[in-house]
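In what follows, a single structure is set out as structure tokens and then discussed.
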Amino acid sequence: MRLVARAHGVAVPREHFLSADASPDELPDFFPALLKPNQADGSVGITQDAVVRSRDEARRYLRWLRETLPGRDVLVQEYLPGPEYGIGLVGNPAHGLLALPALEVDFSRLPERLAPILSFESKAIPDSPYWTEIRFARAALAPDVEARLVDWSEWLFRRLGLRDYARFDFRTSAGGEIALLEVNPNPAWANDGKLAFMAGFAGIAYRDLLRAILDAALARVGA
Ligand SMILES: Nc1ncnc2c1ncn2[C@@H]1O[C@H](COP(=O)(O)OP(=O)(O)O)[C@@H](O)[C@H]1O
Ligand SMILES: [Mg+2]
């Protein structure tokens, strides 16, 4: 996904791939970095300690990852510390793609000692500040910047052969550049998920979001 995106001029974070059997000596030495399993979902393997600022911290987190999720390859990415955005698309290229208003993750209430990321705690540990203190808001992006993120997302939707709905996650680098973090071909469509929030920003009720996804699928299959 990163290579396809980069070929189209979409910025992506610097990344190093560490295979499951690689020696910890192969850890790169750019910091701050974020370590995560290459094969996982729902922030499994991305805890509050995933953001590392030194070789020692990186080795410690790698050891923990390998104990907890044995046999997984690991991605070491440049940590992007700036605002995090989501772009939601519903539909299909042949029948029209609807771009929902961009979402921004509001980390401002999170205690400063915690790295601002949508960690595993934010998705699975209800009494963690990651769960209680993070909000989703309508992004305050300049219209041309939001339009560029939507363009990139639509292009990736086609290029990667996605269907019916998808969510594209971006985050801003230390230098202020917005880079693609992740393409979600089947993002959560729960009523408290990002996609439902985005629909809400557009005044689209939850049931109508679900209907739009189903209509997109039916139109595609019917065609
Ligand atoms: N390179 C990175 N820089 C900054 N934050 C990151 C980076 N990678 C992941 N994150 C944070 O971790 C969260 C989950 O990571 P992600 O790669 O999207 O995994 P998942 O598939 O589990 O959602 C992101 O929403 C973001 O907050
Ligand atoms: Mg994600």
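Values in this document were obtained by computation on a predicted structure and should not be read as measured data. Worth knowing before you read on, the calculation uses all heavy atoms, side chains too, and leaves out hydrogens, waters and symmetry mates. Whatever order the structure lists them in is the order used to number ligands and atoms, beginning at 1.
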Return the closest protein heavy atom for [atom] as residue, atom name and distance.
atom: atom 14 (C) of ligand 1; value: Ser43 OG, 3.5 Å
atom: atom 18 (O) of ligand 1; value: Glu182 OE1, 2.8 Å
atom: atom 2 (C) of ligand 1; value: Leu181 CD2, 3.6 Å
atom: atom 27 (O) of ligand 1; value: Glu84 OE1, 2.6 Å
atom: atom 15 (O) of ligand 1; value: Ile46 CD1, 3.4 Å
atom: atom 13 (C) of ligand 1; value: Leu118 O, 3.4 Å
atom: atom 3 (N) of ligand 1; value: Leu80 N, 2.8 Å
atom: atom 6 (C) of ligand 1; value: Leu34 CD1, 3.6 Å

Those atoms of ligand 1 less than 4.0 Å from some heavy atom in [X]:
X: Gly42; result: 22 (O)
X: Gln77; result: 1 (N), 2 (C), 7 (C), 8 (N)
X: Asp41; result: 22 (O)

Test your reading of the model: is there a side-chain donor-acceptor pair from [X] to the backbone of [Y], 3.5 Å cut-off?
X: Arg135; Y: Thr132; value: yes
X: Glu57; Y: Arg53; value: yes
X: Thr172; Y: Pro83; value: yes
X: Asn38; Y: Val74; value: no
X: Glu121; Y: Pro129; value: no

Would you mind telling me if ligand 1 is within reach of the side chain of [X], the backbone, both or neither, using heavy atoms under 4.0 Å?
X: Lys123; result: side chain
X: Val51; result: neither
X: Glu78; result: backbone

Taking [X] first and then [Y], would you say they form a salt bridge - that is, a charged N and a carboxylate O separated by under 4.0 Å?
X: Arg167; Y: Asp169; answer: yes
X: Asp21; Y: Arg66; answer: no
X: Arg138; Y: Glu146; answer: yes
X: Arg14; Y: Glu78; answer: no
X: Glu15; Y: Arg2; answer: yes

Heteroatom proximity flag, Arg171 to ligand 1, N/O under 3.5 Å: yes
N/O separation below 3.5 Å, Asp169 to ligand 1: no
Phe157 and Phe168 aromatic ring geometry - parallel, tilted or perpendicular at 30°/60° bounds: tilted
Atom name of the N, O or S atom in Glu182 that lies nearest to the Mg ion (ligand 2): OE1
